[in-house]
Enquirer: 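Encoded as structure tokens, here's the structure I'll be asking about.
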Protein chains: 2
Amino acid sequence: MAKKKLIKAEDASTEEKIKAAARDVFHKKGYAATRTRDIAEKAGINLALLNYYFRSKEKLFDIIMLETVFEFMQSMALVMNDNKSSLEKKVELITFNYIDFITREPNIPIFMLSEIRNNADGLMEKLPIRQLVLNSIFFKQHQEAVVKGKIAEPDPLHFLMNILGLIVFPFIAKPLFKGIGGLNENQFNKLMQERKKLVPVWIKAMIKVK
Amino acid sequence: MAKKKLIKAEDASTEEKIKAAARDVFHKKGYAATRTRDIAEKAGINLALLNYYFRSKEKLFDIIMLETVFEFMQSMALVMNDNKSSLEKKVELITFNYIDFITREPNIPIFMLSEIRNNADGLMEKLPIRQLVLNSIFFKQHQEAVVKGKIAEPDPLHFLMNILGLIVFPFIAKPLFKGIGGLNENQFNKLMQERKKLVPVWIKAMIKVK
DNA sequence: GTCTATAGGGGGATAGAC
DNA sequence: GTCTATCCCCCTATAGAC
């Protein structure tokens with residue numbers, strides 16, 4: 001067992017190479033537009049090997065999808081359940097982490113959101129996302145602030161929509177904003193870095209009014 | 001000419017039936033996942049007819065895409081160039097119109113954003129969206145407010161990102177928020193109706209801080 | 001204009017040699 | 001495990017009758 005992991009680590013096993021390539025292509029083009037031949041080529045292996053390891057395009061996709069969603073939810077859970085930080089500090093952490101994360105992995109938001117739509121109930125229904133949010137310290141701190149009259153709008157969904165909307169949407173509509181602003185990739189990323197500081201301040205201001 | 005239009009109006013010409021069906025399917029599934037057979041079936045006609053009228057899947061798609069983008073930009077331009085309303089009023093109008101529009105056509109945002117991504121430069125480069133925004137009264141009013149010190153953050157792109165993020169993102173991530181909130185379609189739509197009043201208030205509060 | 005039938009090609013998957 | 005060659009289905013597009 002230990003030996004197997006060692007081997008994997010030192011030469012990036014074929015299986016891992018295929019998964020890495022699949023991740024890239026699926027994230028960029030979505031399930032339907034992806035051809036297994038593209039994945040094989042990118043992985044530097046033969047098409048037959050893909051099926052040898054993963055049986056079918058669909059099974060490979062399911063694995064990538066699951067890992068992507070899991071990665072996303074885990075990073076979410078990590079911040080939302082930190083018991084040392086205040087609600088305000090958590091907003092800063094979420095903003096900071098997500099903007100960095102999406103800058104590194106700019107294809108994940110549209111990928112997840114458009115593939116989830118096709119699967120609709122399939123994925124959402126079985127994932128414990130509702131429990132994750134409802135049981136989080138983040139959620140409880142929000143409730144508490146509402147009771148104390150520190151937050152005007154009581155519905156936590158609006159709160160989440162606002163935070164994620166301000167953080168994620170600019171990336172999703174990147175081509176649009178690059179077009180409007182006449183920006184290149186670097187200039188766009190610089191804008192996003194600015195938002196690391198701006199979003200928490202804006203959220204703070206929004207909290208007080210209704 | 002007039003006669004032709006009359007005929008079209010009274011029996012919804014085959015061409016229009018195909019386009020309507022194509023619109024639905026493309027918007028819901030995207031280009032790659034759409035099969036021309038689905039469109040033909042939905043239009044109640046034979047597959048061969050689709051090619052008779054539109055030559056190819058791609059040409060049909062281009063038409064739908066163009067019309068969709070045009071419809072979107074026109075509704076945008078209409079509000080942004082209204083010369084009777086203040087900037088504040090325009091934010092209210094945009095919020096109101098877009099929430100109603102997307103509630104009627106919930107598939108358009110993800111459709112446009114994910115298909116634009118594949119086409120990247122193809123579409124964005126040739127559309128006059130930059131000019132549309134830069135020449136708009138909306139834009140000039142924003143500049144003016146910045147000069148007068150009424151808006152803390154001077155970059156109009158941040159302003160646009162915030163408005164659209166708060167309005168559009170909840171719809172894009174609808175399955176996610178329905179899952180978290182345990183909502184059905186009606187309850188979700190009710191939340192969106194609430195946001196018609198909330199978003200302008202929030203924007204107003206954000207404007208003052210930096 | 002509208003249909004049936006079919007050509008043509010692309011892409012997922014497998015057989016079988018090494 | 002990895003490759004080459006190939007099968008086979010599905011989907012787009014066209015031919016040709018009506």
Side-chain angles (χ1 to χ4, degrees), chain A residues 1 3-66 111 114-115 118-119, chain B residues 1 3-66 111 114-115 118-119:
Chain A
M1 304 293 137
K3 195 177 177 189
K4 194 174 182 186
K5 277 203 175 167
L6 270 176
I7 291 171
K8 274 193 180 181
E10 66 195 13
D11 76 337
S13 71
T14 321
E15 190 174 341
E16 288 302 324
K17 275 193 289 187
I18 297 174
K19 269 175 66 173
R23 220 182 109 94
D24 276 3
V25 183
F26 278 137
H27 281 181
K28 194 169 296 167
K29 314 223 280 183
Y31 179 78
T34 292
R35 292 175 308 158
T36 49
R37 283 172 164 79
D38 293 342
I39 297 176
E41 190 183 357
K42 188 155 204 166
I45 53 98
N46 188 278
L47 173 57
L49 262 188
L50 188 151
N51 290 290
Y52 172 76
Y53 278 104
F54 297 97
R55 288 288 293 173
S56 76
K57 176 188 181 183
E58 199 177 353
K59 284 201 172 53
L60 175 55
F61 177 80
D62 287 345
I63 290 172
I64 301 298
M65 186 68 183
L66 200 70
F111 167 77
S114 57
E115 296 298 337
N118 302 336
N119 217 347
Chain B
M1 305 293 140
K3 195 177 176 187
K4 195 174 182 187
K5 277 204 176 169
L6 272 176
I7 291 174
K8 273 194 182 182
E10 68 195 12
D11 78 338
S13 73
T14 319
E15 190 173 343
E16 288 302 324
K17 277 194 288 187
I18 296 174
K19 269 175 67 173
R23 220 182 111 92
D24 276 4
V25 183
F26 278 138
H27 281 181
K28 195 168 297 167
K29 313 223 281 184
Y31 179 78
T34 292
R35 290 173 310 155
T36 51
R37 281 171 163 82
D38 294 341
I39 297 176
E41 189 182 358
K42 188 156 205 164
I45 53 98
N46 188 279
L47 174 57
L49 263 187
L50 188 149
N51 290 289
Y52 172 76
Y53 278 103
F54 297 96
R55 286 291 293 173
S56 75
K57 177 188 179 181
E58 197 176 356
K59 285 202 170 52
L60 175 55
F61 178 80
D62 287 344
I63 291 173
I64 300 298
M65 186 68 183
L66 199 70
F111 168 76
S114 56
E115 296 298 337
N118 302 337
N119 217 349

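Scope of the values below: all heavy atoms of this structure, side chains included, with no hydrogens, waters or symmetry mates. Here the structure is a predicted model, which means the values were calculated and not measured. Protein chains get the first letters and strands the later ones, always in sequence-line order, with residue 1 at the start of each.
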Enquirer: Tell me the interatomic distance from B/Asn46, atom CG, to D/dT14, atom C1', rounded to whole angstroms.
Expert: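 Answer to the nearest Å: 12 Å.
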Enquirer: May I have the distance from A/Tyr31 (atom OH) to C/dG11 (atom C1'), rounded to whole angstrom?
Expert: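 The answer, rounded to whole Å, is 11 Å.
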Enquirer: Among B/Glu115, B/Arg23, B/Lys59, exactly one meets side chain to side chain contact (heavy atoms under 4.5 Å, CB included) together with B/Ile64. Which residue is that?
Expert: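 The single option meeting the side chain to side chain contact (heavy atoms under 4.5 Å, CB included) with B/Ile64 is B/Arg23.
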Enquirer: Salt bridge (charged side-chain N to carboxylate O under 4.0 Å, His left out) with A/Lys42: which residues, sequence neighbours excluded?
Expert: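 Here the qualifying residues are A/Asp24.
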Enquirer: Give the residues of residues 38-45 of chain A touching DNA chain C, defined as any heavy atom closer than 4.0 Å, sorted by residue number.
Expert: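 Heavy-atom cutoff 4.0 Å gives no residues at all.
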Enquirer: Scan residues 49-60 of chain A against DNA chain C and write down, sorted by residue number, each residue with any heavy atom closer than 4.0 Å; if none is found, say none.
Expert: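 Close to the strand are A/Asn51, A/Arg55, A/Ser56, A/Lys57.
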Enquirer: Under a 4.5 Å cut-off applied to non-hydrogen side-chain atoms, are A/Met65 and A/Tyr31 in contact?
Expert: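 A side-chain contact under 4.5 Å is absent here.
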Enquirer: Rounded to the nearest 0.5 Å, what separates atom CD in B/Glu15 from atom CD1 in B/Ile63?
Expert: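 So the gap between those two atoms works out to 7.5 Å.
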Enquirer: Base of C/dG12, side chain of A/Arg37 - is there a donor-acceptor contact under 3.5 Å?
Expert: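 Indeed there is one.
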Enquirer: What closest approach, in Å, do A/Lys19 and A/Leu60 show between heavy atoms, and which atom pair accounts for it?
Expert: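 In terms of heavy atoms, the two residues are closest at CG-CD1, 4.5 Å.
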Enquirer: Could you pull out all donor-acceptor pairs under 3.5 Å where a side-chain atom in residues 47-54 of chain A meets a protein atom, sequence neighbours excluded?
Expert:
none

Enquirer: Take the protein atom CG of B/Leu47 and the nucleotide atom C1' of C/dA5, then report the distance between them rounded to whole Å.
Expert: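 Rounding to the nearest Å, CG of B/Leu47 and C1' of C/dA5 are 12 Å apart.
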Enquirer: Does OP1 or OP2 of D/dG1 have a side-chain N or O of A/Thr14 closer than 4.0 Å?
Expert: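 For D/dG1, neither OP1 nor OP2 has a side-chain N or O of A/Thr14 closer than 4.0 Å.
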Enquirer: Nearest 0.5 Å please: distance from the CZ atom of A/Arg37 over to the CG atom of A/Asn46.
Expert: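 Reported to 0.5 Å precision, the distance equals 9.5 Å.
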Enquirer: Which of residues 18-30 of chain A have a heavy atom under 4.0 Å from DNA chain C?
Expert: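 Output list: empty, so none.
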Enquirer: Can you list everything that forms a side chain to side chain contact (heavy atoms under 4.5 Å, CB included) with A/Thr34? Sequence neighbours excluded, please.
Expert: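 Partners of A/Thr34 by the side chain to side chain contact (heavy atoms under 4.5 Å, CB included) criterion, ordered by chain and then number, come out as A/Val25, A/Phe26, A/Lys29, A/Ile39.
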